[in-house]
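Contents: one structure, followed by commentary.
If you read the sequence from its start, that first residue is 1, and numbering goes on from there. Not measured: the values here are computed from a predicted model. Because only heavy atoms are used, hydrogens play no part in the values below, and waters and symmetry mates are left out as well, while side chains stay in.
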Amino acid sequence: DQPRSRGLGDVYKRQGQGDTTLIANNAEQREYYLPDSSLIILNAGTNVSFDPKRWAEERSIALEGEAFFSVQKGSKFTVQTSRGTVEVLGTSFNVNTHDGRFDVACYTGRVKVEGQGKVEGSDILTAGKRVSLDRSTLVMQADTFSLSKNGWFQGNIEFETAPLTDVFAEIERQFDVQITAPQDKISEEIYTGFLMRENLDSTLQVVCWPKGLEWKKVGEKKVVIDYQ
């Protein structure tokens, strides 16, 4: 079976391989149904690949970027990333590997996480629990989150004490722009807040103004940010 898409993201065959690759380009979010009717929602700047001919025997998918999965019950379902592996039977969860991250959040069911770093506490996540890779120590840190809050796949992109560089990278993906900012000055800046996907100007205002930053557009695809 071919994956069904609710969007217009690209689907293509990798040259020389039997894998199907699903893509959400920058400024896109795409939904697909996999051969077993499991749902996958790709965030901007994300791709996944799998072998449809082997899907009935091995539900395995490779991820680069961020995706939300709602998995139909059945055999083991594996998400492979460069930072670690997530295994489930039937559940819904989110995996984010953008910018060197390896963040896994469980929404329903149970999720097993195997990463390059040590997982603090149990490597089995239940609903409302998540783990995030500390990119400096490579330790997987566990905590909880509110299931009542909408996730990015429900139109709500929030950050909690996130590096400002991660926030700018997310803006680049969501709006398909290139941001130039003084990395040496903003590397220690932390941001807590949200993004407004409907409007780039409003998003830049919300993010930059509290930090004393000003921004200007240079052409259609470039934004220059610096301190006031």
Kindly indicate whether the side chain of Leu34, heavy atoms from C-beta on, has any atom under 4.5 Å from the side chain of Arg59.
no
Value for CG (Leu22) from OG1 (Thr46), rounded to nearest 0.5 Å, stands at 11.5 Å
Without swapping roles, check the side chain of Thr192 against the backbone of Thr161 for a donor-acceptor pair under 3.5 Å.
yes
Under a 3.5 Å distance rule, please check whether Ser38 uses its side chain to pair with a backbone N or O of Gln72 as donor and acceptor.
yes
Is there a donor-acceptor pair under 3.5 Å between the side chain of Thr97 and the backbone N or O of Gly65?
yes
Using the side chain to side chain contact (heavy atoms under 4.5 Å, CB included) rule, take Leu42 and Asn47 through it: C-alpha gap first, then chi angles, then the decisive distance, then the call.
CA-CA 7 Å; Leu42 306 184; Asn47 69 81; 5.9 Å; no
Spacing of Ile171 atom CD1 and Asn26 atom CG [to the nearest 0.5 Å]
12.5 Å
Is the closest side-chain heavy-atom distance between Ile61 and Phe77 below 4.5 Å?
yes
Nearest heavy-atom approach of Phe68 to Ser92 is CZ-CB, 3.7 Å
Is it the case that one hydrophobic cluster holds both Val86 and Leu89, taking links as side-chain heavy atoms less than 4.5 Å apart, direct or via other members?
no
Applying side chain to side chain contact (heavy atoms under 4.5 Å, CB included) to Ile23 and Arg30, what does each step give before you reach the verdict?
CA-CA 8 Å; Ile23 297 175; Arg30 295 296 180 227; over 6 Å; no
Do Leu204 and Phe159 belong together in a cluster built from hydrophobic side chains that touch within less than 4.5 Å?
yes
Between Met140 and Ile124, is there shared hydrophobic-cluster membership here, with clusters defined by ILVMFWY side-chain heavy atoms closer than 4.5 Å?
no
Heavy-atom side-chain proximity of Leu200 to Lys217 below 4.5 angstrom
yes
Between the main-chain N or O of Gly100 and the side-chain N or O of Arg83, is there a donor-acceptor pair closer than 3.5 Å?
yes
Any side-chain heavy-atom pair from Asp103 and Arg130 closer than 4.5 angstrom?
no
Evaluation steps, side chain to side chain contact (heavy atoms under 4.5 Å, CB included), between Leu164 and Leu213:
CA-CA 12 Å; Leu164 192 57; Leu213 295 166; 3.8 Å; yes
So which atom in Cys106 and which in Thr126 form the shortest heavy-atom distance, rounded to 0.1 Å?
CB-O, 3.5 Å
Can you name the closest pair of heavy atoms from Ser202 and Met196 and give their distance?
CB-SD, 3.8 Å
Does the pair Lys112/Glu114 count as a salt bridge with the N-to-O cut at 4.0 Å?
yes
Nearest atoms (heavy-atom pairs only) where Val207 meets Pro210:
O-CD, 3.6 Å
Between Trp152 and Phe194, ring centroids under 6.0 Å:
no
Atom CD of Gln228 with >12 non-hydrogen neighbours under 6.0 angstrom
yes
For Phe102 and Val131: C-alpha separation, side-chain torsions, deciding distance, then whether side chain to side chain contact (heavy atoms under 4.5 Å, CB included) applies.
CA-CA 8 Å; Phe102 183 47; Val131 291; 6.0 Å; no
Please answer: with hydrophobic residues joined when any side-chain heavy atoms are less than 4.5 Å apart, are Ile190 and Ile225 in the same cluster?
no
Can you tell me if Glu160 has over 12 outside heavy atoms packed within less than 6.0 Å of its CD?
no
So how far is it from Arg197 CZ to Gln29 CD, rounded to the nearest 0.5 Å?
3.5 Å
Do the two ring centres, one from Phe153 and one from Phe69, sit under 6.0 Å apart?
no
Mind checking whether Val48 and Tyr32 have side chains closer than 4.5 Å, heavy atoms only?
no
Between atom NZ of Lys222 and atom CD1 of Ile179, what is the distance when rounded to the nearest 0.5 Å?
13.0 Å
For the residue pair Asn43 and Arg173, establish whether any side-chain heavy-atom pair is separated by less than 4.5 Å.
no
Could you tell me whether the side chains of Glu158 and Asn156 share a donor-acceptor contact shorter than 3.5 Å?
yes
Closest approach of Ser60 and Trp55, non-hydrogen atoms and distance?
O-CZ3, 3.5 Å
Test of understanding: clusters of I, L, V, M, F, W, Y form through side-chain heavy atoms closer than 4.5 Å, transitively. Do Trp215 and Trp209 belong to the same one?
no
Could you give the distance from CD (Glu170) to CG (Asn96), rounded to the nearest 0.5 Å?
7.0 Å
Within 6.0 Å of CD in Glu188, more than 12 heavy atoms from elsewhere:
no
Check the pair Asp99, Arg135 against salt bridge (Lys or Arg N to Asp or Glu O under 4.0 Å), reporting the backbone distance first and the verdict last.
CA-CA 10 Å; Asp99 308 311; Arg135 284 170 279 181; 5.6 Å; no
Asp19 versus Ser49, closest heavy-atom pair with distance:
OD2-OG, 4.4 Å
Quick one, Asp134 and Gln141 - any side-chain contact, counting heavy atoms below 4.5 Å?
yes
In Å and rounded to the nearest 0.5 Å, what is the CD1 to CG distance from Ile157 to Asn150?
12.0 Å
